[in-house]
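Note sheet for the following structure.
Worth knowing before you read on, the calculation uses all heavy atoms, side chains too, and leaves out hydrogens, waters and symmetry mates.
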Amino acid sequence: MKRIFSIIAAGIITIVCTSGTKAQNKKSAIMKKVLFVVTSHNVKGSTGEPTGFYLSEASHPWEVLKNAGYEMDFVSPQGGKAPVDGFDLTDKVNKEFWEDKTYHAKIENTLNPSQVHPDDYAAIFYAGGHGAVWDFPENKELAGIAAKIYENGGIVSAVCHGPAGLVNIKLSNGKYLVDGKKINSFTNEEEVQVKLDKVVPFLLEDKLKERGARFEKSGLWQQHVTSDQRVVTGQNPQSAKAVGEALLAALHQNK
């Protein structure tokens, strides 16, 4: 009788442990995901010149995270097909990303913000491209998603013009996300260099400073990445891979 009871007890323990492991694995699988945000805007203001998300600013962080085992979803302000800028398939990482059937389909069919469940993501990453300055800042749904991910203990990241998505993110305490944090983005000098300082709706560096950011930067087209309090930002296309690596490091620290 005693032996039968022991076997039954062991069975119950095994069931409980197995159930707990399955739940833990399920949670772990969910938390492995990263949400990439890309622009829906396809024209540089009054110039008529095409724009979109800058391909290498999505592909290089994507490669870093994919190789580390992370799954990524893509969302844009309007959902659907995302316009592309900087389309250069001589860049082998761009080519790998563009020819990956799974992720090409995600770029062709980006999620609408209303389809996103913030609790599913360990981090959010805003890719750059000039279009971002037009449609990221005023999208309240995306700002809400990012705030929820951050307040869940997740990471907010962006590169180049991607930090345009950060300028209007407010936390539940009423403060801007970037307030008091070290932040980096495409600089005023770089905007002047590409002759779009009079075209963009605002200079990103100035706007981030207005929101209380402690802005850091390097010289023209120099790689620069800043990490502070679970916010990871990079300056320009040259910084895209390094932002991906810094985001990955932050994810590992956050486990």
Side-chain angles (χ1 to χ4, degrees), residues 34-39 53-54 56-65 70 72 75 86 121-137 139 142-143 145-151 153-171 175-191 194 200 202-254:
V34 177
L35 183 65
F36 272 45
V37 188
V38 291
T39 182
F53 78 91
Y54 207 78
S56 65
E57 292 175 21
S59 70
H60 284 255
W62 165 84
E63 182 198 37
V64 171
L65 295 171
Y70 284 83
M72 287 146 278
V75 64
Y121 301 96
I124 184 169
F125 167 74
Y126 291 84
H130 269 92
V133 187
W134 275 273
D135 68 354
F136 279 3
N139 193 291
L142 286 172
I145 289 165
K148 183 70 184 297
I149 290 171
Y150 186 78
E151 293 191 323
I155 298 153
V156 175
S157 182
V159 69
C160 199
H161 288 91
L166 278 53
V167 300
N168 287 326
I169 296 173
K170 278 192 173 181
L171 303 177
K175 290 187 176 182
Y176 287 107
L177 170 71
V178 300
D179 188 10
K181 295 182 178 71
K182 296 175 184 178
I183 299 292
N184 180 224
S185 77
F186 203 66
T187 67
N188 290 349
E189 293 85 356
E190 286 168 327
E191 207 68 81
V194 297
V200 290
F202 58 85
L203 292 174
L204 185 49
E205 176 184 334
D206 288 351
K207 184 66 72 175
L208 288 164
K209 288 176 179 176
E210 284 176 23
R211 298 296 192 243
R214 297 162 59 195
F215 197 85
E216 297 187 342
K217 61 182 174 181
S218 295
L220 292 169
W221 318 121
Q222 298 299 305
Q223 178 181 300
H224 189 115
V225 176
T226 297
S227 296
D228 189 18
Q229 301 173 64
R230 291 184 289 112
V231 179
V232 179
T233 47
Q235 184 166 319
N236 44 37
Q238 290 78 6
S239 307
K241 181 178 180 179
V243 167
E245 291 169 340
L247 172 54
L248 178 61
L251 286 164
H252 285 168
Q253 288 174 359
N254 222 26

- Message: Taking the side chain as everything from C-beta on, heavy atoms only, tell me whether Phe136 gets closer than 4.5 Å to Thr39.
- Response: yes
- What are the two closest heavy atoms between His60 and Ala240, and how far apart are they? CB-CB, 4.1 Å
- May I ask you to decide if Val159's main-chain N or O and Thr233's side chain share a donor-acceptor pair within less than 3.5 Å? no
- Please confirm whether the backbone N or O of Tyr176 pairs with a side-chain atom of Arg211, one donor and one acceptor, at under 3.5 Å? no
- Less than 4.5 Å apart, any side-chain heavy atom of Phe125 and any of Val38? no
- Electrostatic pair Glu151-Lys148, nearest N-O below 4.0 angstrom: no
- Query: Mind checking whether Leu251 and Tyr70 have side chains closer than 4.5 Å, heavy atoms only?
  - Reply: yes
- Is there a side-chain contact between Arg214 and Ile183, using heavy atoms and a 4.5 Å cut-off? no
- For Gln235 and Gly219, the nearest pair of non-hydrogen atoms, with its separation, is NE2-O, 3.3 Å
- Query: For the atom pair CG (Leu248) and CD (Gln253), what is the distance rounded to the nearest 0.5 Å?
  - Reply: 10.0 Å
- Message: Quick check on side chain to side chain contact (heavy atoms under 4.5 Å, CB included): which of Leu177, Ile124, Val178 does Ile169 satisfy it with?
- Response: Leu177
- Query: Got a salt bridge between Lys241 and Glu63, using NZ or NE/NH1/NH2 to carboxylate O under 4.0 Å?
  - Reply: no
- Item | Flag, side chain of Asn168 to backbone of Pro137, donor-acceptor distance under 3.5 Å | yes
- Query: Do the side chain of Asn188 and the main chain of Leu203 share a donor and acceptor less than 3.5 angstrom apart?
  - Reply: no
- Report the distance from atom CG of Leu65 to atom CE of Met72, rounding to the nearest 0.5 Å. 5.0 Å
- Item | Minimum side-chain heavy-atom gap Val156-Val232 below 4.5 Å | no
- Minimal non-hydrogen separation, Val231 against Lys181, with atom names: CG2-CD, 3.7 Å
- Task: Begin from the C-alpha positions of Lys182 and Gln229 and carry the test side-chain contact (heavy atoms from CB on, under 4.5 Å) through to its verdict.
- Result: CA-CA 9 Å; Lys182 296 175 184 178; Gln229 301 173 64; over 6 Å; no
- Item | Ring centres under 6.0 angstrom apart (Trp221, Phe186) | yes
- Item | Leu247 side chain reached by Pro61 side chain, heavy atoms, under 4.5 Å | no
- Query: Which atom pair, heavy atoms only, marks the closest approach of Glu216 to Thr226?
  - Reply: OE1-OG1, 3.0 Å
- Within the distance-only criterion (no hydrogens, no angle test), does the side chain of Arg230 pair as donor or acceptor with the backbone N or O of Gly154 below 3.5 angstrom? yes
- Tyr121 versus Val34: any side-chain heavy-atom pair under 4.5 Å? no
- Message: For Gln222 versus Asn236, what's the shortest heavy-atom pair and its separation?
- Response: O-ND2, 2.9 Å
- Message: Rounded to the nearest 0.5 Å, what separates atom CD1 in Ile145 from atom CD1 in Ile149?
- Response: 7.0 Å
- Message: Measuring from atom OG of Ser59 to atom CZ of Phe36, what distance do you get when rounded to the nearest 0.5 angstrom?
- Response: 9.0 Å
- Message: Between Ser239 and Ala242 (side chain of the first, backbone of the second, donor and acceptor by atom type, cut-off under 3.5 Å), is there such a pair?
- Response: no
- Task: With sequence neighbours left out, write down each residue that passes ring pair (Phe, Tyr, Trp, His ring centres under 6.0 Å) with Tyr54, or none if nothing qualifies.
- Result: none
- Do His130 and Glu191 have a side chain donor and acceptor closer than 3.5 Å? yes
- Nearest heavy-atom neighbours spanning Ser157 and Val243: OG-CG1, 3.5 Å
- Task: Hey, could you give me the OG/NZ distance between Ser185 and Lys209, rounded to the nearest 0.5 Å?
- Result: 9.5 Å
- Heavy-atom distance under 4.5 Å between the side chains of Tyr150 and Leu171, does that happen here? yes
